[in-house]
Amino acid sequence: MVKVLCVLYPDPVDGYPKTYARDEIPKIDHYPDGQTAPTPSAIDFKPGELLGSVSGELGLRKFLEDAGHTLVVTSDKEGKNSTFDKELADAEVVISQPFWPAYMTAERIAKANKLKLIITAGIGSDHTDLQAAMDKGITVAEVTYSNSLSVAEHVMMMILALVRNYIPSYGWVIKGGWNIADCVERSYDLEGMNVGTVAAGRIGLAVLRRLKPFDVKLHYTDKHRLPAEVEKELGLTYHPNVESLVKVCDVVTINAPLHPETENMFNDKLIGMMKRGSYIVNTARGKICDRDAIVRGLESGQLAGYAGDVWFPQPAPKDHPWRTMPHHGMTPHVSGTSLSAQTRYAAGTREILESYFADKPIRTEYLIVDKGKLAGTGAKSYTAGDMTKGTERAA
Ligand code: NDP
């Protein structure tokens, strides 16, 4: 019998939904590169239900309990007396989502003597100290591609919201105003601008494809160059480093994982190299940007806008300066947890568990760490190290 400890975000303040805005969601079988969407033997939820909050339980309870396992679900994850810390000692599997991450620090990993598998229900495993997981032989897996396109859609929304000054204009309507000049004094067309992505993986490439019809000039930097035919099809300019990219772009979107190479990449120096009045959209990870350098950039006018949904730590403290800095379009970490995305990553989490219980290999593309080293997607996109320092400041 295996104890599975699952950390999920709290239910809505008005309680777990009894009805939904829509009756169905489109069925996605494949992603653009041909990879199949998750293929568990069955699911015990209706696609489109809220699965990522405590009462949704990622749709796992029946499956786990029918097989004789124990499922503990909590949202109480911070502090030494948290339910999570109390339950961790004898857990074999830990599951959490980046939106409400169970920070798996070396200290926690050291205490979890039975721990064998850490699953990210979603994408991005930087909330786990990967070095500590490697040292202890713990497997780390995530549901690669499950919400990449969900995030790409959010990036598009945020680029347009910033450049066109949507959020303040909406604010004038709510305030009862008709203040056209106030709305448009910071409003531009995206058409003709130079837009670049830091990383052109699953999300970055999807963003480039979605931007193409807007008649913008497209740029990217990545550790590996895209195939020549893709560069040609999208009219991409490749930059060998981020400095070269930011110097020519009006809008920069960040779509790289957080690992030692990308931590604090957007600091005062790099922001100082950008054109005055640039926009940054970061839905990758908060720590890729230096928190205070972003605030300084917005206050000085070097940046015209900053938007994203990723913070550090999460939940962000009430006094986090990104809540109050000028010209921002921040949301809580939601881009990858639309109801559509939840259907896929809940199914993918079950697929990983089914493989684990049957002693079958977990899909290579889902692996981040395995057998003491970076593996699968982890070996391709990450470098070894620990990104969890400072997590004790989570609200
Ligand atoms: P992928 O693994 O498909 O893509 C990541 C890309 O980043 C790869 O092309 C990789 O290069 C590139 N990369 C890594 N390091 C660097 C670097 N130093 N400079 C430039 N490029 C680099 O992942 P996804 O596109 O699906 O997701 C990317 C990230 O987005 C996730 O790791 C996660 O942090 C975040 N995310 C956020 C979500 C949200 O809800 N806000 C949801 C999902 C993901 P290569 O592989 O060529 O070496």
Side-chain angles (χ1 to χ4, degrees), residues 9 31-33 35 52 96-101 120-128 130 140-158 196-210 219-227 230 238-246 252-266 270 281-289 307-312 314 330-338 340-342 344-345 348 364-368 374-385 387:
Y9 44 78
Y31 304 119
D33 70 352
Q35 182 189 313
S96 80
Q97 308 160 106
F99 325 104
W100 191 267
T120 302
I123 302 173
S125 296
D126 48 276
H127 58 275
T128 291
L130 297 181
V140 180
E142 57 185 53
V143 192
T144 301
Y145 232 142
S146 58
N147 55 10
S148 301
L149 300 186
S150 321
V151 178
E153 290 186 6
H154 207 82
V155 173
M156 292 304 302
M157 174 180 81
M158 289 189 148
T197 175
V198 179
R202 295 170 181 85
I203 298 174
L205 181 57
V207 169
L208 291 168
R209 288 196 185 286
R210 280 155 182 73
H219 303 257
Y220 81 102
T221 183
D222 195 288
K223 297 208 290 184
H224 299 98
R225 215 163 155 164
L226 291 166
V230 176
Y238 172 73
H239 296 262
N241 53 55
V242 68
E243 290 80 8
S244 157
L245 176 108
V246 301
V252 174
T253 153
I254 305 171
N255 298 298
L258 170 63
H259 61 131
E261 283 176 13
T262 57
E263 185 176 19
N264 275 329
M265 183 183 248
F266 282 75
L270 190 68
V281 170
N282 175 16
T283 51
R285 284 297 178 261
K287 261 193 180 179
I288 297 176
C289 294
D309 66 331
V310 284
W311 308 63
F312 186 80
Q314 292 188 174
M330 296 298 296
T331 62
H333 193 167
V334 293
S335 63
T337 186
S338 58
S340 322
Q342 289 174 42
R344 291 187 294 273
Y345 68 67
T364 310
E365 61 261 33
Y366 290 170
L367 289 174
I368 302 299
L374 293 170
T377 295
K380 186 165 177 285
S381 297
Y382 285 78
T383 45
M387 293 291 103

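Numbering of ligands and ligand atoms starts at 1, following listing order. Just so we're clear, the structure is a prediction, and the values are computed from it rather than from any experiment.
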What protein heavy atom is closest to [atom], reported as residue, atom name and distance in Å?
atom: atom 11 (O) of ligand 1; answer: D222 OD1, 2.9 Å
atom: atom 5 (C) of ligand 1; answer: P257 CD, 3.7 Å
atom: atom 31 (C) of ligand 1; answer: I123 CG2, 3.9 Å

For [atom], which of the options [options] provides the nearest non-hydrogen atom?
atom: atom 19 (N) of ligand 1; options: H239, K223, M387, H333; answer: K223
atom: atom 33 (C) of ligand 1; options: H259, R285, E365; answer: R285
atom: atom 4 (O) of ligand 1; options: A284, G201, P260; answer: G201
atom: atom 40 (O) of ligand 1; options: G336, A206, S338; answer: G336
atom: atom 8 (C) of ligand 1; options: G204, P98, S381; answer: S381
atom: atom 26 (O) of ligand 1; options: S148, S335, A341; answer: S148

Polar atom proximity, [X] to ligand 1 (N or O, under 3.5 Å):
X: T283; answer: yes
X: E261; answer: yes
X: H224; answer: yes
X: I203; answer: yes
X: G124; answer: no

Heavy-atom pair with the smallest gap, counting every atom of [X] and [Y]:
X: R344; Y: S150; answer: NH2-OG, 3.3 Å
X: I254; Y: C289; answer: CD1-SG, 3.7 Å
X: G124; Y: P98; answer: O-CG, 3.7 Å

Spatial distance of atom [atom1] ([X]) from atom [atom2] ([Y]) [nearest 0.5 Å]:
X: T331; Y: W311; atom1: OG1; atom2: CH2; result: 8.0 Å
X: S338; Y: E153; atom1: OG; atom2: CD; result: 7.5 Å
X: T383; Y: K223; atom1: OG1; atom2: NZ; result: 6.0 Å

Query raised in the report: So Y145 and D33, side chain to side chain contact (heavy atoms under 4.5 Å, CB included) or not? Walk me through it.
Result: CA-CA 10 Å; Y145 232 142; D33 70 352; 3.4 Å; yes
Atoms in ligand 1 with a heavy atom of [X] nearer than 4.0 Å:
X: T262; result: 17 (C), 18 (N)
X: V151; result: 38 (C), 39 (C), 40 (O), 42 (C), 43 (C)
X: A199; result: 6 (C), 7 (O), 12 (C), 21 (N)
X: N147; result: 42 (C), 43 (C)
X: F99; result: 40 (O)
X: N255; result: 28 (C)
X: R202; result: 1 (P), 2 (O), 3 (O), 4 (O), 25 (O), 26 (O)

Query raised in the report: Can you name the residues that form a ring-ring contact (aromatic ring centres under 6.0 Å, His included) with Y9, not counting sequence neighbours?
Result: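 With sequence neighbours excluded, Y9 shows a ring-ring contact (aromatic ring centres under 6.0 Å, His included) to no residue whatsoever.
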Query raised in the report: Can you list the residues that meet the ring-ring contact (aromatic ring centres under 6.0 Å, His included) rule with H219, with sequence neighbours excluded?
Result: H239
**Report entry** T144 and E365 side chains, donor-acceptor separation under 3.5 Å
**Finding:** no
Query - V246 vs F266, side chain to side chain contact (heavy atoms under 4.5 Å, CB included): CA-CA, chis, key distance, verdict - result: CA-CA 10 Å; V246 301; F266 282 75; 4.0 Å; yes
Query raised in the report: How far apart are the C-alpha atoms of T197 and T253, what are their side-chain angles, what is the distance that settles it, and do they pass the side-chain hydrogen bond (donor to acceptor under 3.5 Å, both in side chains) test?
Result: CA-CA 5 Å; T197 175; T253 153; 4.6 Å; no
Report task. Applying side chain to side chain contact (heavy atoms under 4.5 Å, CB included), run through M265 and L270 and close with a yes or a no. Result -> CA-CA 7 Å; M265 183 183 248; L270 190 68; 4.3 Å; yes
Query raised in the report: Quick one: does ligand 1 sit under 4.0 Å from the side chain of T144, the backbone, both or neither, non-hydrogen atoms only?
Result: neither
